[in-house]
Amino acid sequence: MSGKDRIEIFPSRMAQTIMKARLKGAQTGRNLLKKKSDALTLRFRQILKKIIETKMLMGEVMREAAFSLAEAKFTAGDFSTTVIQNVNKAQVKIRAKKDNVAGVTLPVFEHYHEGTDSYELTGLARGGEQLAKLKRNYAKAVELLVELASLQSSFPGSNVPLLISSQSWMRESEKSSIG
Amino acid sequence: MLEGAEFYFNVDHGYLEGLVRGCKASLLTQQDYINLVQCETLEDVKIHLQTTDYGNFLANQTNPLTVSKIDMEMRKKLCREFEYFRNHSLEPLSTFFTYMTCSYMIDNVILLMNGALQKKSVKEILVKCHPLGRFTEMEAVNIAETPSDLFNAVLVETPLAPFFQDCMSENTLDELNIELLRNKLYKSYLEAFYKFCKNHGDVTAEIMCPILEFEADRRAFIITLNSFGTELSKDDRETLYPTCGKLYPEGLRLLAQAEDFDQMRRVADHYGVYKPLFEAVGDGSGGKTLEDVFYEREVQMNVLAFNRQFHYGVFYAYTKLKEQEMRNIVWIAECISQRHRTKINSYIPIL
(Lines give C-alpha, C1' and ligand atoms only; values in the text may rest on other atoms or scores of the structure.)
Protein backbone atom coordinates (compact mmCIF):
# COMPACT_ATOMS: atom_id res chain seq x y z
CA MET A 1 0.00 0.00 0.00
CA SER A 2 1.55 3.25 -1.14
CA GLY A 3 1.62 6.42 0.89
CA LYS A 4 -0.93 8.49 -0.97
CA ASP A 5 -3.66 5.81 -0.94
CA ARG A 6 -3.77 5.85 2.84
CA ILE A 7 -6.74 7.41 4.50
CA GLU A 8 -5.84 9.33 7.66
CA ILE A 9 -7.88 7.84 10.44
CA PHE A 10 -7.77 7.50 14.17
CA PRO A 11 -7.48 3.75 15.01
CA SER A 12 -10.55 3.28 17.21
CA ARG A 13 -13.23 0.59 17.19
CA MET A 14 -15.88 3.07 16.00
CA ALA A 15 -13.68 4.12 13.12
CA GLN A 16 -13.34 0.46 12.13
CA THR A 17 -17.13 -0.06 12.15
CA ILE A 18 -17.58 3.04 10.05
CA MET A 19 -14.93 1.92 7.60
CA LYS A 20 -16.53 -1.52 7.25
CA ALA A 21 -19.88 0.11 6.46
CA ARG A 22 -18.23 2.33 3.91
CA LEU A 23 -16.56 -0.72 2.35
CA LYS A 24 -19.88 -2.52 2.09
CA GLY A 25 -21.50 0.53 0.51
CA ALA A 26 -18.71 0.79 -2.03
CA GLN A 27 -18.96 -2.90 -2.91
CA THR A 28 -22.75 -2.72 -3.41
CA GLY A 29 -22.33 0.36 -5.56
CA ARG A 30 -19.70 -1.40 -7.65
CA ASN A 31 -21.91 -4.47 -8.18
CA LEU A 32 -24.83 -2.35 -9.31
CA LEU A 33 -22.64 -0.48 -11.73
CA LYS A 34 -21.27 -3.78 -13.02
CA LYS A 35 -24.81 -5.00 -13.66
CA LYS A 36 -25.62 -1.78 -15.49
CA SER A 37 -22.51 -1.94 -17.63
CA ASP A 38 -23.18 -5.63 -18.39
CA ALA A 39 -26.73 -4.90 -19.54
CA LEU A 40 -25.53 -2.03 -21.68
CA THR A 41 -22.72 -4.13 -23.18
CA LEU A 42 -25.20 -6.86 -24.05
CA ARG A 43 -27.52 -4.37 -25.70
CA PHE A 44 -24.58 -2.75 -27.46
CA ARG A 45 -23.43 -6.06 -28.94
CA GLN A 46 -26.95 -6.93 -30.06
CA ILE A 47 -27.32 -3.58 -31.80
CA LEU A 48 -23.94 -3.96 -33.48
CA LYS A 49 -24.81 -7.42 -34.77
CA LYS A 50 -28.13 -6.21 -36.12
CA ILE A 51 -26.47 -3.22 -37.77
CA ILE A 52 -24.06 -5.47 -39.66
CA GLU A 53 -26.84 -7.81 -40.80
CA THR A 54 -29.05 -4.92 -41.87
CA LYS A 55 -26.26 -3.24 -43.81
CA MET A 56 -25.55 -6.41 -45.77
CA LEU A 57 -29.23 -6.87 -46.50
CA MET A 58 -29.45 -3.19 -47.49
CA GLY A 59 -26.82 -3.65 -50.19
CA GLU A 60 -28.83 -6.50 -51.74
CA VAL A 61 -32.18 -4.74 -51.51
CA MET A 62 -30.91 -1.48 -53.04
CA ARG A 63 -29.35 -3.38 -55.91
CA GLU A 64 -32.59 -5.21 -56.55
CA ALA A 65 -34.55 -1.96 -56.40
CA ALA A 66 -32.21 -0.15 -58.81
CA PHE A 67 -32.47 -3.06 -61.24
CA SER A 68 -36.27 -3.07 -61.10
CA LEU A 69 -36.10 0.65 -61.93
CA ALA A 70 -34.15 -0.23 -65.08
CA GLU A 71 -36.72 -2.92 -65.94
CA ALA A 72 -39.60 -0.51 -65.46
CA LYS A 73 -37.91 2.10 -67.65
CA PHE A 74 -37.42 -0.53 -70.37
CA THR A 75 -41.13 -1.32 -70.54
CA ALA A 76 -42.80 1.92 -69.53
CA GLY A 77 -40.48 4.50 -71.01
CA ASP A 78 -39.37 7.49 -69.00
CA PHE A 79 -41.89 8.16 -66.24
CA SER A 80 -39.55 10.07 -63.92
CA THR A 81 -40.96 13.54 -64.69
CA THR A 82 -44.54 12.31 -64.15
CA VAL A 83 -43.59 10.92 -60.76
CA ILE A 84 -41.69 14.03 -59.65
CA GLN A 85 -44.51 16.32 -60.77
CA ASN A 86 -47.18 14.51 -58.79
CA VAL A 87 -45.49 14.47 -55.39
CA ASN A 88 -47.62 15.81 -52.56
CA LYS A 89 -47.94 13.94 -49.24
CA ALA A 90 -45.67 11.24 -47.90
CA GLN A 91 -47.24 7.84 -47.69
CA VAL A 92 -44.72 6.27 -45.30
CA LYS A 93 -44.05 8.20 -42.08
CA ILE A 94 -41.89 7.63 -39.00
CA ARG A 95 -42.74 7.70 -35.29
CA ALA A 96 -40.02 8.04 -32.66
CA LYS A 97 -40.45 6.04 -29.45
CA LYS A 98 -38.28 5.67 -26.36
CA ASP A 99 -36.99 2.35 -25.12
CA ASN A 100 -35.62 1.89 -21.59
CA VAL A 101 -32.59 -0.34 -20.99
CA ALA A 102 -31.11 -0.42 -17.45
CA GLY A 103 -32.15 3.13 -16.86
CA VAL A 104 -30.89 4.50 -20.17
CA THR A 105 -33.51 5.70 -22.69
CA LEU A 106 -32.73 4.83 -26.30
CA PRO A 107 -34.70 6.18 -29.30
CA VAL A 108 -36.44 3.71 -31.61
CA PHE A 109 -38.02 4.60 -34.99
CA GLU A 110 -41.01 2.83 -36.36
CA HIS A 111 -42.66 3.45 -39.73
CA TYR A 112 -46.37 3.53 -40.51
CA HIS A 113 -48.44 3.95 -43.68
CA GLU A 114 -50.85 6.79 -44.15
CA GLY A 115 -53.02 7.70 -47.08
CA THR A 116 -53.48 5.98 -50.40
CA ASP A 117 -51.13 5.41 -53.27
CA SER A 118 -51.38 8.47 -55.50
CA TYR A 119 -49.54 6.70 -58.30
CA GLU A 120 -52.02 3.89 -58.70
CA LEU A 121 -52.83 4.65 -62.31
CA THR A 122 -49.36 5.61 -63.51
CA GLY A 123 -48.29 3.22 -66.22
CA LEU A 124 -51.86 2.23 -66.94
CA ALA A 125 -51.16 1.91 -70.63
CA ARG A 126 -47.72 0.39 -70.39
CA GLY A 127 -45.44 -1.02 -67.77
CA GLY A 128 -47.97 -1.22 -64.94
CA GLU A 129 -46.74 -4.60 -63.75
CA GLN A 130 -43.11 -3.48 -63.62
CA LEU A 131 -44.10 -0.27 -61.86
CA ALA A 132 -45.95 -2.26 -59.18
CA LYS A 133 -42.85 -4.41 -58.63
CA LEU A 134 -40.72 -1.27 -58.49
CA LYS A 135 -42.97 0.27 -55.84
CA ARG A 136 -42.77 -2.90 -53.74
CA ASN A 137 -38.97 -3.08 -53.95
CA TYR A 138 -38.44 0.53 -52.98
CA ALA A 139 -40.98 0.25 -50.13
CA LYS A 140 -38.91 -2.64 -48.78
CA ALA A 141 -35.76 -0.54 -49.12
CA VAL A 142 -37.34 2.37 -47.23
CA GLU A 143 -38.47 0.09 -44.38
CA LEU A 144 -34.97 -1.34 -44.10
CA LEU A 145 -33.50 2.18 -44.07
CA VAL A 146 -35.81 3.18 -41.20
CA GLU A 147 -34.68 0.15 -39.22
CA LEU A 148 -31.03 0.94 -39.91
CA ALA A 149 -31.51 4.57 -38.86
CA SER A 150 -33.17 3.41 -35.66
CA LEU A 151 -30.27 1.07 -34.85
CA GLN A 152 -27.60 3.58 -35.70
CA SER A 153 -29.13 6.31 -33.58
CA SER A 154 -29.40 4.06 -30.55
CA PHE A 155 -25.79 2.95 -31.04
CA PRO A 156 -24.08 6.08 -29.62
CA GLY A 157 -26.99 6.43 -27.21
CA SER A 158 -25.99 3.17 -25.57
CA ASN A 159 -22.27 3.60 -26.00
CA VAL A 160 -21.82 6.75 -23.88
CA PRO A 161 -23.68 5.53 -20.77
CA LEU A 162 -21.73 2.29 -21.13
CA LEU A 163 -18.40 4.13 -21.01
CA ILE A 164 -19.52 6.32 -18.13
CA SER A 165 -20.78 3.41 -16.10
CA SER A 166 -17.65 1.36 -16.77
CA GLN A 167 -15.48 4.30 -15.69
CA SER A 168 -17.50 4.71 -12.52
CA TRP A 169 -17.24 0.98 -11.98
CA MET A 170 -13.47 1.14 -12.23
CA ARG A 171 -13.31 4.04 -9.78
CA GLU A 172 -15.57 2.14 -7.39
CA SER A 173 -13.40 -0.94 -7.72
CA GLU A 174 -10.38 1.13 -6.80
CA LYS A 175 -12.18 2.58 -3.83
CA SER A 176 -13.30 -0.81 -2.58
CA SER A 177 -9.86 -2.32 -3.05
CA ILE A 178 -8.46 0.33 -0.75
CA GLY A 179 -10.76 -0.51 2.15
CA MET B 1 -56.39 8.57 -103.65
CA LEU B 2 -55.99 6.68 -106.89
CA GLU B 3 -54.94 3.07 -106.79
CA GLY B 4 -51.60 2.28 -108.32
CA ALA B 5 -49.30 4.12 -105.97
CA GLU B 6 -46.30 2.92 -107.91
CA PHE B 7 -47.10 5.46 -110.59
CA TYR B 8 -47.28 8.51 -108.39
CA PHE B 9 -45.44 7.79 -105.19
CA ASN B 10 -41.86 8.41 -106.24
CA VAL B 11 -42.57 11.86 -107.65
CA ASP B 12 -43.15 13.32 -104.20
CA HIS B 13 -41.79 10.81 -101.75
CA GLY B 14 -39.22 8.68 -103.57
CA TYR B 15 -36.18 10.46 -102.12
CA LEU B 16 -37.41 10.14 -98.56
CA GLU B 17 -38.33 6.48 -98.95
CA GLY B 18 -34.85 5.75 -100.24
CA LEU B 19 -33.37 7.64 -97.31
CA VAL B 20 -35.43 5.84 -94.71
CA ARG B 21 -34.57 2.46 -96.19
CA GLY B 22 -30.89 3.40 -95.93
CA CYS B 23 -31.41 4.33 -92.29
CA LYS B 24 -33.21 1.07 -91.66
CA ALA B 25 -30.27 -0.87 -93.09
CA SER B 26 -28.04 0.63 -90.43
CA LEU B 27 -30.07 -0.64 -87.47
CA LEU B 28 -28.09 -2.84 -85.10
CA THR B 29 -27.98 -6.51 -86.08
CA GLN B 30 -27.91 -9.61 -83.91
CA GLN B 31 -24.10 -9.67 -84.12
CA ASP B 32 -23.91 -6.10 -82.78
CA TYR B 33 -26.14 -7.04 -79.85
CA ILE B 34 -23.97 -10.07 -79.07
CA ASN B 35 -20.93 -7.79 -79.00
CA LEU B 36 -22.66 -5.29 -76.75
CA VAL B 37 -23.78 -7.96 -74.31
CA GLN B 38 -20.19 -9.07 -73.86
CA CYS B 39 -18.97 -5.62 -72.83
CA GLU B 40 -17.69 -5.17 -69.31
CA THR B 41 -17.98 -1.40 -68.90
CA LEU B 42 -19.80 1.49 -70.51
CA GLU B 43 -16.58 2.56 -72.19
CA ASP B 44 -16.57 -0.75 -74.08
CA VAL B 45 -20.16 -0.09 -75.12
CA LYS B 46 -19.09 3.29 -76.48
CA ILE B 47 -16.26 1.70 -78.45
CA HIS B 48 -18.59 -0.90 -79.95
CA LEU B 49 -21.14 1.70 -80.92
CA GLN B 50 -18.46 3.61 -82.78
CA THR B 51 -18.26 0.78 -85.31
CA THR B 52 -21.98 1.01 -86.04
CA ASP B 53 -23.94 3.78 -87.67
CA TYR B 54 -23.89 5.70 -84.39
CA GLY B 55 -20.27 6.59 -84.97
CA ASN B 56 -18.73 9.14 -82.68
CA PHE B 57 -21.95 10.40 -81.18
CA LEU B 58 -20.52 10.13 -77.67
CA ALA B 59 -17.26 11.84 -78.56
CA ASN B 60 -18.10 15.12 -76.85
CA GLN B 61 -19.20 13.59 -73.58
CA THR B 62 -17.04 14.14 -70.53
CA ASN B 63 -16.22 11.36 -68.10
CA PRO B 64 -17.78 9.56 -66.44
CA LEU B 65 -20.07 8.05 -69.02
CA THR B 66 -23.55 7.33 -67.69
CA VAL B 67 -26.52 5.53 -69.14
CA SER B 68 -28.61 8.70 -69.23
CA LYS B 69 -25.99 10.46 -71.37
CA ILE B 70 -26.07 7.60 -73.87
CA ASP B 71 -29.87 7.75 -73.92
CA MET B 72 -29.87 11.52 -74.47
CA GLU B 73 -27.42 11.39 -77.36
CA MET B 74 -29.30 8.57 -79.09
CA ARG B 75 -32.54 10.48 -78.77
CA LYS B 76 -30.93 13.59 -80.24
CA LYS B 77 -29.78 11.57 -83.22
CA LEU B 78 -33.24 10.13 -83.82
CA CYS B 79 -34.78 13.59 -83.57
CA ARG B 80 -32.34 15.00 -86.10
CA GLU B 81 -33.22 12.25 -88.59
CA PHE B 82 -36.94 12.64 -87.97
CA GLU B 83 -36.84 16.41 -88.37
CA TYR B 84 -34.93 15.99 -91.61
CA PHE B 85 -37.59 13.66 -92.99
CA ARG B 86 -40.35 15.93 -91.83
CA ASN B 87 -38.85 19.09 -93.26
CA HIS B 88 -38.43 17.52 -96.68
CA SER B 89 -41.87 15.96 -96.87
CA LEU B 90 -44.83 16.99 -98.98
CA GLU B 91 -48.52 16.42 -98.42
CA PRO B 92 -50.00 14.01 -97.53
CA LEU B 93 -46.80 12.61 -96.01
CA SER B 94 -46.40 15.71 -93.83
CA THR B 95 -49.85 15.16 -92.32
CA PHE B 96 -48.76 11.58 -91.65
CA PHE B 97 -45.69 12.89 -89.82
CA THR B 98 -47.88 15.27 -87.81
CA TYR B 99 -50.02 12.32 -86.74
CA MET B 100 -46.91 10.47 -85.67
CA THR B 101 -45.77 13.34 -83.47
CA CYS B 102 -49.20 13.67 -81.81
CA SER B 103 -48.49 10.87 -79.37
CA TYR B 104 -45.43 12.69 -78.04
CA MET B 105 -47.38 15.93 -77.98
CA ILE B 106 -50.03 14.33 -75.79
CA ASP B 107 -47.38 13.37 -73.22
CA ASN B 108 -45.87 16.85 -73.34
CA VAL B 109 -49.24 18.56 -72.90
CA ILE B 110 -50.09 16.40 -69.89
CA LEU B 111 -46.72 17.30 -68.36
CA LEU B 112 -47.25 21.00 -69.01
CA MET B 113 -50.79 20.97 -67.64
CA ASN B 114 -49.59 19.27 -64.49
CA GLY B 115 -46.81 21.77 -64.07
CA ALA B 116 -49.10 24.75 -64.68
CA LEU B 117 -51.54 23.44 -62.07
CA GLN B 118 -48.77 23.16 -59.52
CA LYS B 119 -47.37 26.56 -60.47
CA LYS B 120 -44.01 25.22 -61.48
CA SER B 121 -41.77 27.21 -63.78
CA VAL B 122 -42.35 26.48 -67.45
CA LYS B 123 -38.67 26.42 -68.36
CA GLU B 124 -37.80 23.45 -66.21
CA ILE B 125 -40.70 21.45 -67.61
CA LEU B 126 -39.84 22.38 -71.20
CA VAL B 127 -36.45 20.76 -70.75
CA LYS B 128 -38.12 17.50 -69.83
CA CYS B 129 -40.54 17.45 -72.76
CA HIS B 130 -40.02 14.97 -75.54
CA PRO B 131 -38.36 16.82 -78.43
CA LEU B 132 -40.43 15.10 -81.11
CA GLY B 133 -43.57 16.46 -79.54
CA ARG B 134 -42.67 20.11 -79.70
CA PHE B 135 -45.26 22.58 -80.83
CA THR B 136 -45.00 26.34 -81.11
CA GLU B 137 -47.45 27.24 -78.34
CA MET B 138 -45.56 25.36 -75.64
CA GLU B 139 -44.08 28.37 -73.90
CA ALA B 140 -47.47 30.03 -73.64
CA VAL B 141 -48.83 27.34 -71.34
CA ASN B 142 -48.11 29.17 -68.09
CA ILE B 143 -50.46 32.05 -68.80
CA ALA B 144 -53.48 29.81 -68.26
CA GLU B 145 -54.95 29.50 -64.78
CA THR B 146 -57.37 26.65 -65.26
CA PRO B 147 -57.45 23.77 -67.70
CA SER B 148 -60.31 25.22 -69.73
CA ASP B 149 -58.37 28.48 -70.13
CA LEU B 150 -55.46 26.41 -71.23
CA PHE B 151 -57.55 24.73 -73.88
CA ASN B 152 -59.22 27.85 -75.21
CA ALA B 153 -56.08 29.92 -75.35
CA VAL B 154 -53.35 27.54 -76.28
CA LEU B 155 -54.32 24.07 -77.31
CA VAL B 156 -57.00 25.00 -79.79
CA GLU B 157 -54.27 25.90 -82.29
CA THR B 158 -52.46 22.59 -82.04
CA PRO B 159 -53.30 19.40 -83.90
CA LEU B 160 -54.52 18.03 -80.55
CA ALA B 161 -57.65 20.20 -80.48
CA PRO B 162 -60.09 17.62 -81.90
CA PHE B 163 -58.88 15.02 -79.41
CA PHE B 164 -59.60 17.33 -76.49
CA GLN B 165 -63.08 17.94 -77.72
CA ASP B 166 -63.87 14.30 -77.29
CA CYS B 167 -63.09 14.43 -73.60
CA MET B 168 -63.99 17.94 -72.51
CA SER B 169 -66.04 16.82 -69.55
CA GLU B 170 -63.36 17.33 -66.92
CA ASN B 171 -62.91 20.68 -65.31
CA THR B 172 -61.13 19.47 -62.22
CA LEU B 173 -57.77 17.84 -62.58
CA ASP B 174 -56.40 15.64 -59.83
CA GLU B 175 -54.02 12.74 -60.20
CA LEU B 176 -56.68 10.21 -61.09
CA ASN B 177 -57.98 12.33 -63.89
CA ILE B 178 -54.57 13.17 -65.31
CA GLU B 179 -53.90 9.57 -66.24
CA LEU B 180 -57.46 9.08 -67.45
CA LEU B 181 -57.15 12.25 -69.55
CA ARG B 182 -53.91 11.01 -71.06
CA ASN B 183 -55.46 7.69 -72.01
CA LYS B 184 -58.63 9.25 -73.41
CA LEU B 185 -56.60 11.63 -75.56
CA TYR B 186 -54.53 8.73 -76.81
CA LYS B 187 -57.68 6.79 -77.69
CA SER B 188 -59.09 9.62 -79.85
CA TYR B 189 -55.66 10.16 -81.42
CA LEU B 190 -55.38 6.50 -82.39
CA GLU B 191 -58.86 6.43 -83.87
CA ALA B 192 -58.18 9.62 -85.89
CA PHE B 193 -54.87 8.24 -87.16
CA TYR B 194 -56.57 5.00 -88.17
CA LYS B 195 -59.26 6.87 -90.08
CA PHE B 196 -56.62 8.95 -91.87
CA CYS B 197 -54.72 5.86 -93.00
CA LYS B 198 -57.88 4.07 -94.06
CA ASN B 199 -59.07 7.04 -96.10
CA HIS B 200 -55.71 7.31 -97.77
CA GLY B 201 -56.23 3.81 -99.06
CA ASP B 202 -53.72 1.95 -101.21
CA VAL B 203 -50.65 0.23 -99.79
CA THR B 204 -50.42 2.63 -96.84
CA ALA B 205 -53.79 1.46 -95.56
CA GLU B 206 -52.84 -2.19 -96.12
CA ILE B 207 -49.72 -1.79 -94.00
CA MET B 208 -50.70 0.81 -91.39
CA CYS B 209 -54.19 -0.35 -90.53
CA PRO B 210 -53.17 -3.76 -89.12
CA ILE B 211 -50.37 -2.07 -87.15
CA LEU B 212 -52.79 0.47 -85.66
CA GLU B 213 -55.40 -2.22 -84.97
CA PHE B 214 -52.79 -4.17 -83.04
CA GLU B 215 -51.80 -1.04 -81.10
CA ALA B 216 -55.44 -0.41 -80.17
CA ASP B 217 -56.03 -3.99 -79.00
CA ARG B 218 -52.74 -4.03 -77.15
CA ARG B 219 -53.74 -0.92 -75.23
CA ALA B 220 -57.07 -2.47 -74.37
CA PHE B 221 -55.42 -5.60 -72.97
CA ILE B 222 -52.74 -3.73 -71.01
CA ILE B 223 -55.19 -1.22 -69.54
CA THR B 224 -57.39 -4.11 -68.43
CA LEU B 225 -54.44 -5.96 -66.91
CA ASN B 226 -53.16 -2.92 -65.04
CA SER B 227 -56.54 -1.89 -63.73
CA PHE B 228 -57.12 -5.09 -61.72
CA GLY B 229 -57.02 -4.12 -58.08
CA THR B 230 -57.15 -0.35 -58.58
CA GLU B 231 -59.99 2.08 -58.11
CA LEU B 232 -60.72 2.25 -61.81
CA SER B 233 -64.32 1.17 -62.37
CA LYS B 234 -65.31 -1.10 -65.24
CA ASP B 235 -67.26 1.67 -66.98
CA ASP B 236 -64.34 4.06 -66.75
CA ARG B 237 -62.11 1.36 -68.08
CA GLU B 238 -64.35 0.79 -71.06
CA THR B 239 -64.18 4.48 -72.04
CA LEU B 240 -60.43 4.16 -72.39
CA TYR B 241 -60.44 1.35 -74.96
CA PRO B 242 -59.71 2.52 -78.52
CA THR B 243 -62.35 1.23 -80.91
CA CYS B 244 -60.28 0.85 -84.05
CA GLY B 245 -58.99 -2.65 -83.36
CA LYS B 246 -60.13 -6.20 -84.01
CA LEU B 247 -61.62 -6.44 -80.53
CA TYR B 248 -64.32 -3.88 -81.27
CA PRO B 249 -67.19 -4.27 -80.33
CA GLU B 250 -67.73 -7.70 -78.72
CA GLY B 251 -64.18 -8.21 -77.49
CA LEU B 252 -64.07 -4.81 -75.80
CA ARG B 253 -67.38 -5.45 -74.05
CA LEU B 254 -66.11 -8.82 -72.78
CA LEU B 255 -62.81 -7.26 -71.69
CA ALA B 256 -64.60 -4.58 -69.71
CA GLN B 257 -66.24 -7.33 -67.65
CA ALA B 258 -63.03 -9.26 -67.07
CA GLU B 259 -61.80 -9.45 -63.49
CA ASP B 260 -58.56 -11.39 -63.70
CA PHE B 261 -55.92 -12.55 -66.11
CA ASP B 262 -57.61 -15.85 -66.97
CA GLN B 263 -60.83 -14.18 -68.03
CA MET B 264 -58.77 -11.85 -70.21
CA ARG B 265 -57.04 -14.85 -71.73
CA ARG B 266 -60.38 -16.43 -72.58
CA VAL B 267 -61.39 -13.25 -74.44
CA ALA B 268 -58.12 -13.37 -76.39
CA ASP B 269 -58.70 -17.02 -77.28
CA HIS B 270 -61.61 -15.99 -79.48
CA TYR B 271 -59.21 -14.19 -81.82
CA GLY B 272 -56.77 -16.21 -83.87
CA VAL B 273 -54.12 -13.49 -83.83
CA TYR B 274 -53.99 -13.08 -80.05
CA LYS B 275 -54.38 -16.67 -78.92
CA PRO B 276 -50.73 -17.66 -79.66
CA LEU B 277 -49.49 -14.45 -78.05
CA PHE B 278 -51.20 -15.25 -74.77
CA GLU B 279 -49.93 -18.81 -74.91
CA ALA B 280 -46.37 -17.50 -75.13
CA VAL B 281 -46.68 -15.69 -71.81
CA GLY B 282 -44.76 -17.41 -69.02
CA ASP B 283 -46.19 -17.35 -65.51
CA GLY B 284 -44.88 -15.23 -62.63
CA SER B 285 -41.13 -14.70 -62.45
CA GLY B 286 -38.94 -16.00 -65.26
CA GLY B 287 -40.59 -16.32 -68.63
CA LYS B 288 -41.96 -13.45 -70.65
CA THR B 289 -44.57 -10.99 -69.50
CA LEU B 290 -47.52 -10.03 -71.67
CA GLU B 291 -45.88 -6.70 -72.43
CA ASP B 292 -42.71 -8.42 -73.73
CA VAL B 293 -44.79 -10.61 -76.02
CA PHE B 294 -46.64 -7.57 -77.37
CA TYR B 295 -43.37 -5.70 -77.94
CA GLU B 296 -42.02 -8.64 -79.96
CA ARG B 297 -45.13 -8.77 -82.10
CA GLU B 298 -44.96 -5.01 -82.72
CA VAL B 299 -41.32 -5.32 -83.83
CA GLN B 300 -42.27 -8.21 -86.14
CA MET B 301 -45.02 -6.17 -87.81
CA ASN B 302 -42.76 -3.14 -88.19
CA VAL B 303 -40.01 -5.18 -89.85
CA LEU B 304 -42.54 -6.70 -92.28
CA ALA B 305 -43.65 -3.20 -93.30
CA PHE B 306 -40.40 -2.83 -95.20
CA ASN B 307 -41.31 -5.67 -97.56
CA ARG B 308 -43.73 -3.48 -99.50
CA GLN B 309 -42.82 -0.36 -101.39
CA PHE B 310 -44.56 2.96 -102.06
CA HIS B 311 -46.26 3.54 -98.74
CA TYR B 312 -45.85 5.78 -95.69
CA GLY B 313 -45.70 2.92 -93.22
CA VAL B 314 -41.93 2.67 -93.63
CA PHE B 315 -41.47 5.97 -91.78
CA TYR B 316 -43.67 4.90 -88.89
CA ALA B 317 -42.00 1.49 -88.75
CA TYR B 318 -38.50 2.97 -88.83
CA THR B 319 -39.22 5.38 -85.97
CA LYS B 320 -40.72 2.63 -83.82
CA LEU B 321 -37.86 0.23 -84.56
CA LYS B 322 -35.30 2.89 -83.75
CA GLU B 323 -37.01 3.61 -80.44
CA GLN B 324 -36.98 -0.08 -79.60
CA GLU B 325 -33.28 -0.20 -80.44
CA MET B 326 -32.67 2.73 -78.09
CA ARG B 327 -34.55 0.94 -75.32
CA ASN B 328 -32.49 -2.22 -75.96
CA ILE B 329 -29.19 -0.36 -75.79
CA VAL B 330 -30.21 1.46 -72.60
CA TRP B 331 -31.27 -1.88 -71.07
CA ILE B 332 -27.95 -3.55 -71.91
CA ALA B 333 -26.03 -0.49 -70.65
CA GLU B 334 -27.98 -0.50 -67.35
CA CYS B 335 -27.33 -4.22 -66.83
CA ILE B 336 -23.63 -3.65 -67.44
CA SER B 337 -23.34 -0.58 -65.21
CA GLN B 338 -25.28 -2.19 -62.35
CA ARG B 339 -23.36 -5.49 -62.80
CA HIS B 340 -26.63 -7.39 -62.86
CA ARG B 341 -26.10 -9.59 -65.88
CA THR B 342 -28.66 -12.31 -65.30
CA LYS B 343 -31.32 -10.68 -67.45
CA ILE B 344 -29.08 -8.93 -69.91
CA ASN B 345 -30.45 -11.00 -72.80
CA SER B 346 -34.04 -9.88 -72.30
CA TYR B 347 -33.81 -7.17 -74.91
CA ILE B 348 -36.13 -7.48 -77.90
CA PRO B 349 -34.15 -8.58 -80.97
CA ILE B 350 -35.01 -6.68 -84.12
CA LEU B 351 -33.19 -8.00 -87.17
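So that the names make sense, note that chain A is the first sequence line, chain B the second, and so on, each numbered from 1.
Within the 4.5 angstrom heavy-atom criterion, no atom of B/Tyr186 approaches chain A. The parts of B/Arg327 that come within reach of chain A are both its backbone and its side chain, each placing non-hydrogen atoms under 4.5 angstrom from that chain. Within the 4.5 angstrom heavy-atom criterion, only side-chain atoms of B/Ile125, from C-beta onward, approach chain A. Neither the backbone nor the side chain of B/Thr224 has a heavy atom closer than 4.5 Å to any heavy atom of chain A. Neither the backbone nor the side chain of B/Asp71 comes within less than 4.5 Å of any heavy atom in chain A. Heavy atoms closer than 4.5 Å to chain A are found nowhere in B/Ile110, neither backbone nor side chain. With a threshold of 4.5 angstrom between heavy atoms, B/Glu291 approaches chain A through side-chain atoms but not through N, CA, C or O.
Residues B/Gln263 and B/Glu259 have side chains that never bring a donor and an acceptor to within less than 3.5 angstrom of each other. Under the 3.5 Å distance criterion, with hydrogens and angles disregarded, a donor-acceptor pair is assigned to the side chains of B/Asn183 and B/Arg219. Residues A/Glu129 and B/Thr289 bring no donor and acceptor atom of their side chains to less than 3.5 Å of each other. If you check the side chains of B/Gln324 and B/Tyr295, you find no donor sitting under 3.5 Å from an acceptor.
For chain A, the option among B/Gln338, B/His130, B/Arg182 with the highest count of heavy-atom pairs below 4.5 Å is B/Gln338.
Looking only at side-chain heavy atoms (C-beta outward), B/Lys343 and B/Trp331 come within less than 4.5 Å of each other. Side-chain atoms of B/Cys102 and B/Phe163, non-hydrogen and from C-beta on, do get closer than 4.5 Å to each other. Side-chain atoms of B/Lys187 and B/Tyr241, non-hydrogen and from C-beta on, never get closer than 4.5 Å to each other.
B/Gly133 and B/Asn108 make their closest contact through O-ND2, 3.0 Å (heavy atoms, listed as atom of the first residue, atom of the second, distance). The two residues B/Leu112 and B/Leu126 have their closest heavy-atom pair at CD2-CD2, 4.3 Å.
In this structure, B/Phe221 has its ring center under 6.0 Å from that of B/Phe278.
Within residues 59-78 of chain A, the residues that have a heavy atom under 4.5 Å from a heavy atom of chain B are A/Arg63, A/Glu64, A/Ala66, A/Phe67, A/Ala70, A/Glu71, A/Lys73, A/Phe74, A/Thr75, listed by number. Of residues 131-153 of chain A, those residues lying under 4.5 Å from chain B by any heavy-atom pair are A/Lys133.
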Exercise for review: Carefully, step by step, assess B/Lys320 and B/Glu298 under the rule salt bridge (Lys or Arg N to Asp or Glu O under 4.0 Å).
Suggested key: CA-CA 9 Å; B/Lys320 292 290 167 193; B/Glu298 182 193 6; 5.2 Å; no

Under 3.5 Å donor-acceptor pairs involving side-chain atoms of residues 7-27 of chain A, not counting sequence neighbours:
residue : atom : partner : partner atom : Å
A/Ser12 : OG   : A/Ala15 : N            : 3.2
A/Thr17 : OG1  : A/Arg13 : O            : 2.9

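Residue pairs meeting the ring pair (Phe, Tyr, Trp, His ring centres under 6.0 Å) criterion with at least one partner in residues 75-101 of chain A, sequence neighbours excluded, do not occur; the list is empty.
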